[in-house]
Participant: 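Handing you a structure now.
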Amino acid sequence: MDDLRDLYQSTILDHNKSPRNFGVPADSNRDAEGYNPLCGDELHVYLRVDAAGRIDDIGFEGSGCAISRASASLMTEYVKNQSREEVDRVFDAFHDLVTKAPKEGATPESLGKLAVFSGVREFPMRVKCATLAWHTLRAALDQTDQTAVTE
Amino acid sequence: MDDLRDLYQSTILDHNKSPRNFGVPADSNRDAEGYNPLCGDELHVYLRVDAAGRIDDIGFEGSGCAISRASASLMTEYVKNQSREEVDRVFDAFHDLVTKAPKEGATPESLGKLAVFSGVREFPMRVKCATLAWHTLRAALDQTDQTAVTE
Amino acid sequence: MSVANHDALPADRFDVAAVRAQFPVLADDGPGRTLTYLDSAATAQKPQAVIDALEDFYTREYASVHRGVYALSVRSTQRFEAVREKVCRLLHTSDPREVVFTRGTTEAINLVATSWGGQNVSAGDEIVVTQLEHHSNIVPWQLLCERTGARLRVAPIGLDGCVEVDAFEALLGPRTKLVALAHVSNALGTRLPVAALCQLARSRGITSLVDGAQAVPHGSVDVLAIGCDFYAFSAHKVFGPTGTGVLWGRRDLLDAMPPYQGGGSMIRSVSFEGTTYADAPQRFEAGTPDVAGVIGMGAALDWLEEIDREAAAAFECELLRYASEALEAIPGLHIFGSDPEKVGVLSFSLDCAHPHDIATILDREGVAIRAGHHCAQPLMKFYGVPAMARASLALYSDRSDIDALVSALETTREIFS
Amino acid sequence: MSVANHDALPADRFDVAAVRAQFPVLADDGPGRTLTYLDSAATAQKPQAVIDALEDFYTREYASVHRGVYALSVRSTQRFEAVREKVCRLLHTSDPREVVFTRGTTEAINLVATSWGGQNVSAGDEIVVTQLEHHSNIVPWQLLCERTGARLRVAPIGLDGCVEVDAFEALLGPRTKLVALAHVSNALGTRLPVAALCQLARSRGITSLVDGAQAVPHGSVDVLAIGCDFYAFSAHKVFGPTGTGVLWGRRDLLDAMPPYQGGGSMIRSVSFEGTTYADAPQRFEAGTPDVAGVIGMGAALDWLEEIDREAAAAFECELLRYASEALEAIPGLHIFGSDPEKVGVLSFSLDCAHPHDIATILDREGVAIRAGHHCAQPLMKFYGVPAMARASLALYSDRSDIDALVSALETTREIFS
Ligand SMILES: Cc1ncc(COP(=O)(O)O)c(C=O)c1O
Ligand SMILES: Cc1ncc(COP(=O)(O)O)c(C=O)c1O
């Protein structure tokens, strides 16, 4: 049960129960939908992006498993006030966190609270749950009309 | 090689080389085509049937393996002057001969020279070669427009 | 098969331990290696007899079928063709020419939709399915409707997961060409009254197809008594290999249908001027078939014939009741579908955890269940849920499986409370 | 691969006895049990590694793919998906999303004819095939032509069994939409200059499909160098299980094609209002796939990777020359097709005996060859024969097989003289 406790850390369970930034922020000017066909997770991410391209405000709606909900919630906290470039950097670091064994000696990009998702790497089928919010965020920033799909 | 000699008896080899009644009889009034998709045997049987329904004359054309050619040739000799009922009876007896082990004690319908096909029963894939001519004959007697197919 | 009947049935005659012992994957080989397999509705495990049949065939008498003159090929062909007769016995019918080998249920339904549908369905016609169908019994009809301009109509179900017969009947009209029905729902276990529904169709001259993927593994099936025109199932769900399955179809219908795929074996003669086709079933079996798969399916059916299926069904029915009661005792757990004739499947939700989280936690406890839409998204929509957790049974399932499930669900609740 | 090259190739590097020992069906177990198997063009025998992979999979980690969260299903899925990469290595390409699993070559061609053809071919368009194609590369196009009003045009061959490149080129016109070509002829062994032919097509914007069923077993294939758009082959001819095969297709083409069969796994979301489809390759893999078959194919490809294929091809080429010379020395024997780059196949006739009789007699001598139209009736018509006898090789074939063939042919002549 140890790796289960690693996966479902208390922060994750907390954000699953009480997601932050749930809902549509005022004056949101970009949004995108995300969909994970495997478990039926559906996510809608809304952004207010300022003139400089920074994420001024962010919110999300949708239903999903604990991992995807908590990931969305923690993401909204993390990326507020970030630029597109910062989002891309943390996306890559987060993706490495949930898919790769930590490199010996390497200092990982500081992910702050997002580090609670490190347990996901032991559960390959859950990687898509953890990254759905991030894919959807990028789609919203690109404001493509396509649904972000993790397959 | 014994069962091969049983299959390819000299009568069969002889009729294969020099088939009897090869060609179309004069005034033929019924005919049918037969086809064995497995080995590409093609057979055309022509009949002159008299008013009483008897086979007055018979001939065949086509190409095929030794078994099918010899069977057609020996059949034409055998059924000349027979009625539909007689053909049906010998068809059944012939079919038994090439498919079933001889019943102990039972006296088989006398098949005369046709008995040379008894070796076929050891070669299930060749049964259709031996019976193609007979299927085609029946089709000609019925004068259906369908090609007789052994499958 | 009603619950009342089950009470009378001799479930005790069924020796589940002896059956279970024949499934090597279920063997308890060392600590932590025990598998609690509760995903048999997705695919069933294989008895040793089936594994051996495959090995034996490839090791000793492998050859292609139908076109060889040599002994090896003759034997392969005979064994292959003999499986049609075994399928007939399974379905309580008799004409092997009515048995078409396909990749599985999905292909069988696509075959009918394309070949029969292409010939018999036109713009404005209607095809009736139910709300609980598997995607494989929805999408082929949607594709047919797209091609032809026909319309797909959906027979409603109640909250209990049962088809409403009156509403179904009301859908049947002069333009209805075909009804396509699951025999047993893979997501709910509902056993549809297919004989009654097909009778309603037949009395109006409407053709019927029954998707038997979930019925064949759980009890005896009689296609003539059902009175359907087509019946489909997959070998892999009935203890046979993957890659093969059956379309059974009434001979007059099959004989009138145009080919599906073109290629070797389905022809009578080919020429660039014009090609003619073999009779059914060959007409629908283009190309080299899954010879070993079919022979493996034959071994599975032989194996099944040795089982007292009435006793097995009775045992399974009791086990399902045991499982239902045990699950219902778990706080916050909700079971979907309450058909009293339900078979093989328990789908549920937990108020504290998403099905996907449940499945992950159960897996770490050695319990394999399925979480997701079960290829029945319209049904998920009907119940207003994105997904369900599903435990499903086969004739090797026993109480220890259920006990492991319940205990793992307790763990789930602990983590999420 | 020209004959001139072969002379230089190190055929001696190839240890045929060691390869042969891996095929249990070829084992010499007792008097009269030795099998001289010369029907590998119909289907190849299986090495122990493939048989073991199937057994191991069913015994220890069988589960369904793609939808399970639990470990067993995750492992199955990973092993299943990894086979796409093995196929890429086999075909010298790199994008696993270009690999669609099918039942075999026949289904792969039907998939293209229905899905790509339905979208891209209309009345008056033309499809070009050659005179030597297998029925599986003729009938799907005839069916497409029937549905659409397109026209099938046939590129001629010479008496040597080779496609006449100029005549082929002359057939390509503004209405030509697709050319469909065998890579290697199953009836003659002719190796078509597919790279040149596909280049002629591509330079005119014409799509090309290569039927690789007979090429993959005999040497290295590079689909990018060929420059075709689609390439098809069957696992069972390349030492893998029956029931599975591959359609390789260029990604932009696959992505633009509509679904083929509908059902589970090929969807993104299903609703009665409208269904959306998954990307390629999943879009073309409706229903539960032949999981074990695909994993078995993976084992066959792994096994092949261990073989020095250049040496094997050189050995086989020498063996074919040995066989040709031995057969030509038999009075009354005629060999069909004289492509100098011929591979794997020797089709012949005897003046005294019909091919069907030859095959029967050879079988009693323990020699399995094929007699018939080889699913190439238009080719039989071209040569004016109802059937041919065919001996075909694989990389386990050796001189003892040829010697047994020659001696059995002597017996045939004795009986028929
Ligand atoms: C050249 C060629 N094309 C297509 C096929 C069809 O392959 P399959 O029957 O495995 O679908 C074959 C073999 O039968 C073949 O030799
Ligand atoms: C009710 C039902 N229909 C159809 C199918 C499709 O079967 P297959 O995937 O074997 O083609 C399934 C199983 O997946 C099923 O449960």
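Since the model is a prediction, treat every value here as computed from it, not as a measurement. The basis for the numbers below is simple: all heavy atoms, side chains too, and nothing from hydrogens, waters or symmetry mates. Each chain gets a letter, A, B and so on, in the order its sequence line appears, and its residues count up from 1.
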Participant: Picking from Gln45(C), Lys381(C), Glu61(C), which has the most non-hydrogen pairs under 4.5 angstrom with chain D?
Facilitator: Gln45(C)
Participant: What part of Pro259(D) gets within 4.5 angstrom of chain C, counting heavy atoms only: side chain, backbone, both, or neither?
Facilitator: side chain
Participant: Could you tell me which portion of Val129(D) (side chain, backbone, both or neither) has an atom closer than 4.5 angstrom to a non-hydrogen atom of chain C?
Facilitator: side chain
Participant: Between Thr244(D), Ile138(D), Leu54(D), which has the largest tally of heavy atom pairs under 4.5 Å with chain C?
Facilitator: Ile138(D)
Participant: Under a 4.5 Å heavy-atom cut-off, does chain C meet the side chain of Asn110(D), its backbone, both or neither?
Facilitator: side chain
Participant: Side chains of His236(D) and Thr242(D): do they bring a donor and an acceptor to under 3.5 Å?
Facilitator: no
Participant: Any side-chain donor paired with an acceptor under 3.5 Å for Tyr70(D) and Thr360(C)?
Facilitator: no
Participant: Under the ring pair (Phe, Tyr, Trp, His ring centres under 6.0 Å) criterion, do Phe57(D) and Tyr62(D) qualify, and how do the steps go?
Facilitator: CA-CA 6 Å; Phe57(D) 179 59; Tyr62(D) 178 70; 5.5 Å; yes
Participant: Could you go through the ring pair (Phe, Tyr, Trp, His ring centres under 6.0 Å) check for His134(D) and His374(D) one step at a time?
Facilitator: CA-CA 8 Å; His134(D) 188 282; His374(D) 310 292; 9.8 Å; no
Participant: Could you check which of Phe272(D), Trp141(D), Tyr277(D) has the highest count of heavy-atom pairs closer than 4.5 Å to chain C?
Facilitator: Phe272(D)
Participant: Answer with side chain, backbone, both or neither: which region of Thr102(D) has an atom nearer than 4.5 Å to a non-hydrogen atom of chain C?
Facilitator: backbone
Participant: Select, from Gly372(C), Ala71(C), Gly104(C), the one with the greatest count of heavy-atom pairs under 4.5 Å involving chain D.
Facilitator: Ala71(C)
Participant: So for Tyr37(D), is it side chain, backbone, both, or neither that comes closer than 4.5 Å to the heavy atoms of chain C?
Facilitator: side chain
Participant: Any side-chain donor paired with an acceptor under 3.5 Å for Thr105(C) and Ser234(C)?
Facilitator: yes
Participant: Side chains of Ser136(C) and Thr106(C) only: does a donor on one sit below 3.5 Å from an acceptor on the other?
Facilitator: yes
Participant: Against chain C, work out which of Ser269(D), Pro289(D), Ala371(D), Ala359(D) has the most heavy-atom pairs shorter than 4.5 Å and name it.
Facilitator: Ser269(D)
Participant: Is Ala44(D) in contact with chain C via its backbone, its side chain, both, or neither, using a 4.5 Å heavy-atom distance?
Facilitator: backbone
Participant: Determine the option with the most heavy-atom pairs under 4.5 angstrom with chain D, choosing from Gln131(C), Glu55(C), Lys46(C), Gln261(C).
Facilitator: Gln261(C)
Participant: Count the heavy-atom pairs under 4.5 Å between each of Ile109(C), Leu152(C), Thr288(C) and chain D, then report the option with the highest count.
Facilitator: Thr288(C)
Participant: Looking only at heavy atoms, what is the nearest atom pair of Pro355(D) and Ala387(D), with distance?
Facilitator: CG-O, 3.6 Å
Participant: Under the criterion ring pair (Phe, Tyr, Trp, His ring centres under 6.0 Å), I'd like the reasoning laid out for Phe101(D) against Phe80(D): C-alpha separation, chi angles, the key distance, then a yes or no.
Facilitator: CA-CA 10 Å; Phe101(D) 294 129; Phe80(D) 180 84; 5.2 Å; yes
Participant: Which one wins on heavy-atom pair count under 4.5 Å against chain D: Ala286(C), Gly293(C), Ala42(C)?
Facilitator: Ala286(C)
Participant: Under 4.5 Å, counting heavy-atom pairs only, tell me which of Leu72(C), Asp39(C), Leu362(C) racks up the most with chain D.
Facilitator: Asp39(C)
Participant: Is a side-chain N or O of Ser115(D) found less than 3.5 angstrom from the main chain of Pro258(D), in a donor-acceptor match?
Facilitator: yes
Participant: Could you tell me which portion of Leu26(D) (side chain, backbone, both or neither) has an atom closer than 4.5 angstrom to a non-hydrogen atom of chain C?
Facilitator: neither
Participant: For chain C, which candidate among Asn137(D), Ile51(D), Val270(D), Val154(D) shows the most heavy-atom pairs at distances under 4.5 Å?
Facilitator: Val270(D)
Participant: For chain C, which of Glu107(D), Met266(D), Gln48(D), Arg147(D) has the most heavy-atom pairs under 4.5 Å?
Facilitator: Glu107(D)
Participant: Does the pair His373(D) and His135(D) meet the rule for a side chain to side chain contact (heavy atoms under 4.5 Å, CB included), with working shown?
Facilitator: CA-CA 10 Å; His373(D) 52 61; His135(D) 293 165; 4.0 Å; yes
Participant: Work out which heavy atom in Ala63(D) is nearest to a heavy atom in Ser76(D); give both atom names and the distance.
Facilitator: O-OG, 3.2 Å
Participant: Under 3.5 Å, is there a donor-acceptor pair linking the side chains of Arg370(C) and Ser64(D)?
Facilitator: yes
Participant: Could you tell me which of Glu146(D), Met380(D), Gln142(D), Arg364(D) has the largest number of non-hydrogen atom pairs under 4.5 Å with chain C?
Facilitator: Gln142(D)
